[in-house]
Amino acid sequence: MNEEVNKSLNFIEEIIEEDIRNGKHGGRIHTRFPPEPNGYLHIGHAKSICLNFGLAKKYKGKTNLRFDDTNPVTEETEYVESIKYDIKWLGFDWDDREYFASDYFDQLYQFAVKLIKKGKAYVDDSSADDIALMKKNPMEPGVDSPFRNRTIEQNLDLFSRMKNGEFKEGEKVLRAKIDMSSPNMHLRDPILYRILFKPHHRTGDKWCIYPMYDFAHGQCDSIEGITHSICTLEFENHKPLYNWFIDELGIFPSMQIEFARLNLNYTVMSKRKLLQLVKENYVSGWDDPRMPTISGFRRRGYTPDSIRHFASLVGVAKRDNVIDLALLEFSIREDLNKKARRVMAVMEPLKLIITNYPDQIEYLAIENNPEDPNGGSRQVPFGSVLYIEQDDFMEIPSKKFFRLTRNGMVRLKGAYIIECNEVIKNEEGSILEIHCRYLPESKSGEDKTNLKVKSTIHWVEASQAIRGELRLYDRLFSVPDPDNQDSDFKEYINKHSLEIKNAYLEPSLKDSKPGEYYQFIRNAYFTPDLDSAPEQLIFNRTVTLKDAWVKVKEKENN
Ligand code: ATP
Ligand code: MG
């Protein structure tokens with residue numbers, strides 16, 4: 001699939017091309033993807049990954065992977081590993097440029113010392129609450145902390161003692177000395193360092209002071225020589241502070257550029273909320289196929305190509321907006337249409353007996369994918385006892401029913417035309433099985449009958465059919481904006497987001513494996529679940545063949 005949707009330059013590309021024209025940094029382009037290892041990556045991160053790695057690729061630059069691991073409380077190695085796996089799976093590579101903010105703790109400490117020596121930072125003994133109170137609000141100038149005018153010597157001494165573990169958590173912080181009356185609250189003497197007696201997943205017990213996000217992020221960009229530091233809009237107000245550090249420290253002038261984060265309807269995307277869903281067992285894990293995580297999407301059968309294509313379709317915006325989940329599903333369908341192997345599975349079986357078919361099994365070659373000229377074909381057993389979908393038979397047809405009826409004809413996919421002659425019922429009048437005759441001359445590919453039948457239905461030969469569990473996933477939330485409701489977002493979980501069915505499958509699916517894509521024809525796209533095995537086949541429904549959600553909602557509302 002050609003992922004790069006053909007369109008004019010986005011605003012970030014315009015900035016980059018302008019920089020290249022001006023010879024800024026010698027025309028060098030260097031971006032980074034800076035995840036905090038406090039959860040699994042979601043589709044919003046995928047957007048950011050495609051953007052950062054995509055720009056570097058387009059302008060022959062580089063992209064660093066940098067773990068923003070400045071908060072030892074929430075970060076874990078498990079997350080680091082999953083993040084790396086997901087980025088690779090999406091099709092991107094950072095080569096050997098894998099960094100951690102924690103690698104720079106010594107350097108960041110030296111930066112802080114430098115600010116103190118310039119009289120631009122001080123140790124404050126005020127409590128967190130007092131600091132917040134003294135900052136006041138954007139309408140009112142803040143007031144200076146009583147500790148703001150400590151001497152450089154006092155500050156150097158206290159800061160080094162903070163580092164040496166002489167004070168308790170919360171007893172002291174290091175703050176930048178900027179402007180307590182700035183209309184930008186981030187410039188009202190922001191906190192640079194806090195005391196935390198927590199072991200870090202990489203530095204262990206070496207540190208008991210940790211830099212705040214704002215003091216770490218931009219400085220890491222500079223250390224790595226990042227030319228274009230792309231972040232989401234909520235950091236727009238942090239930019240003056242980002243630039244203040246660059247000026248005061250005299251470090252590499254990385255440029256912060258903000259774009260609108262990707263929002264999707266019918267889901268939540270904050271890692272904090274996703275973690276709640278996992279911890280409180282609303283889903284089976286971070287990779288539950290209903291989760292908007294990359295690992296969830298992978299398990300559900302979404303392809304890396306389709307996710308990259310979606311990211312490109314969404315584009316790069318300067319204003320926040322919400323993207324319709326249907327656009328993502330469209331992108332998945334489009335890709336799977338080309339990649340998925342067509343197979344047959346029957347979910348609600350009706351037994352069909354072909355009374356004039358010999359007592360034998362015949363193998364029919366059925367093409368794997370009409371969209372793929374190299375898709376080949378497979379041998380599918382056919383015999384006198386089949387299963388078809390109950391829905392595909394109506395004894396007395398309604399007006400627009402064109403499938404099998406009593407005395408009517410249909411084609412069995414890849415096989416023969418049949419005609420139904422008899423309907424066998426139990427005492428209550430429910431249909432037990434139907435009896436048909438087949439037309440031997442009508443074999444697919446060599447049909448000599450010239451008969452025009454109105455429809456083709458799928459089937460599975462009964463004696464060789466295998467059983468499998470189908471997990472029918474739907475949207476995780478029943479409202480478009482679960483985040484913006486009066487009550488807790490978890491109350492809006494779609495109670496029908498997982499339905500489990502059993503099906504009869506054609507035997508070629510016996511050796512199916514996770515990572516393979518199938519279309520169960522006339523039904524939906526499916527992929528083997530991670531837990532699927534030949535003894536116990538499990539398939540996840542990736543996406544339906546058409547967008548049925550609108551209709552479902554209409555029905556519910558009536
Ligand atoms: P969350 O709010 O989900 O916890 P985050 O921004 O805290 O997300 P990080 O791990 O800090 O998560 O994000 C890594 C990178 O991914 C950042 O550059 C961030 O801007 C970007 N990113 C996160 N969410 C989105 C999103 N929804 N759309 C685009 N980019 C995003
Ligand atoms: Mg973050």
Side-chain angles (χ1 to χ4, degrees), residues 10 12 30-56 63-71 73-76 78-84 86-87 90 92 94 98-102 201 211-214 216-218 220-221 224 226 228-239 242 254-278 286 291-297 307-308 310-323 325 327-328 481-483 489:
N10 65 48
I12 301 181
H30 204 148
T31 59
R32 85 287 172 266
F33 175 64
E36 185 180 351
N38 62 349
Y40 281 60
L41 296 181
H42 53 58
I43 182 71
H45 295 116
K47 169 70 211 172
S48 175
I49 291 167
C50 292
L51 182 59
N52 280 294
F53 283 91
L55 286 169
T63 305
N64 292 0
L65 170 60
R66 184 200 316 138
F67 290 99
D68 229 319
D69 58 347
T70 51
N71 182 358
V73 182
T74 51
E75 292 154 6
E76 288 173 30
E78 175 198 345
Y79 297 137
V80 170
E81 294 310 315
S82 78
I83 288 170
K84 291 201 276 189
D86 286 350
I87 299 174
L90 272 178
F92 298 106
W94 53 93
E98 174 181 324
Y99 302 117
F100 289 82
S102 55
H201 74 118
M212 300 299 290
Y213 175 86
D214 277 327
H217 192 89
C220 293
D221 284 343
E224 294 177 7
I226 300 302
H228 299 82
S229 172
I230 299 163
C231 62
T232 43
L233 281 182
E234 58 295 5
F235 291 99
E236 207 167 5
N237 289 337
H238 299 236
K239 191 170 183 165
Y242 185 96
S254 305
M255 180 194 195
Q256 176 179 308
I257 304 171
E258 309 87 18
F259 78 108
R261 63 170 45 233
L262 170 68
N263 298 303
L264 260 192
N265 60 11
Y266 293 102
T267 191
V268 294
M269 217 125 63
S270 114
K271 277 182 275 186
R272 190 176 51 80
K273 288 182 179 165
L274 295 176
L275 182 63
Q276 268 185 60
L277 294 175
V278 173
W286 282 98
M291 292 281 271
T293 52
I294 297 178
S295 50
F297 284 165
I307 295 174
R308 291 201 305 265
F310 169 71
S312 177
L313 282 177
V314 165
V316 182
K318 277 189 191 172
R319 292 261 181 89
D320 275 320
N321 58 358
V322 180
I323 304 292
L325 189 61
L327 185 68
L328 176 59
D481 51 350
D483 272 332
F489 75 100

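We count ligands from 1, going down the list as the structure has it; atoms in each ligand are counted the same way. All residue numbers in this chain count up from 1 along the given sequence.
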Would the distance check show the side chain of Lys318 and the main-chain N or O of Glu258 forming a donor-acceptor pair, the cut-off being under 3.5 Å? no

Among Ser48, Ala311, Ala46, closest by any non-hydrogen atom to atom 21 (C) of ligand 1: Ser48

Under 3.5 Å, is there a donor-acceptor pair between the side chain of Ser102 and the main chain of Asp69? no

Quick one: does Leu274's side chain get under 4.5 Å of Met291's, heavy atoms only? yes

Compute the minimum heavy-atom distance from His42 to ligand 1 and say whether it is under 4.0 Å. yes

Min N/O separation Glu36 to ligand 1 under 3.5 Å: yes

Tell me if a side-chain donor or acceptor on Asn265 pairs with a main-chain N or O of Leu325 at a distance below 3.5 Å. yes

For Thr232, is at least one N or O under 3.5 Å away from an N or O on ligand 1? yes

Between Asn38 and Arg272, does a side-chain contact (heavy atoms from CB on, under 4.5 Å) hold up when you go through it step by step? CA-CA 9 Å; Asn38 62 349; Arg272 190 176 51 80; over 6 Å; no

Identify, by atom number and element, the atoms of ligand 1 in contact range of Ser270, meaning under 4.0 Å from any of its heavy atoms. 3 (O)

May I ask you to check if Lys271 and Tyr40 form a cation-pi contact, with NZ or CZ under 6.0 angstrom from the six-membered ring centre and within 45° of the axis? no

Below the 3.5 angstrom mark, is there an N/O of Leu262, backbone or side chain, next to an N/O of ligand 1? yes

Could you tell me if any non-hydrogen atom of Phe33 lies under 4.0 Å from any atom of ligand 1? yes

Examine His45 against ligand 1 and note whether any of their N/O atoms are separated by less than 3.5 Å. yes

Taking only heavy atoms of Met269, which atoms of ligand 1 are found under 4.0 Å from at least one of them? 3 (O)

Under 3.5 Å: N/O of Pro35 near N/O of ligand 1: no

Could you tell me which atoms of ligand 1, counted from 1 in the order shown, lie closer than 4.0 angstrom to a heavy atom of Phe259? 29 (C), 30 (N)

Just so I know, are the side chains of Cys220 and Tyr99 near enough to count as touching, which here means a heavy-atom distance under 4.5 Å? no

Taking side-chain hydrogen bond (donor to acceptor under 3.5 Å, both in side chains) as the criterion, tell me which of Asp221, Thr63, Asp68 meets it with Arg32. Asp221

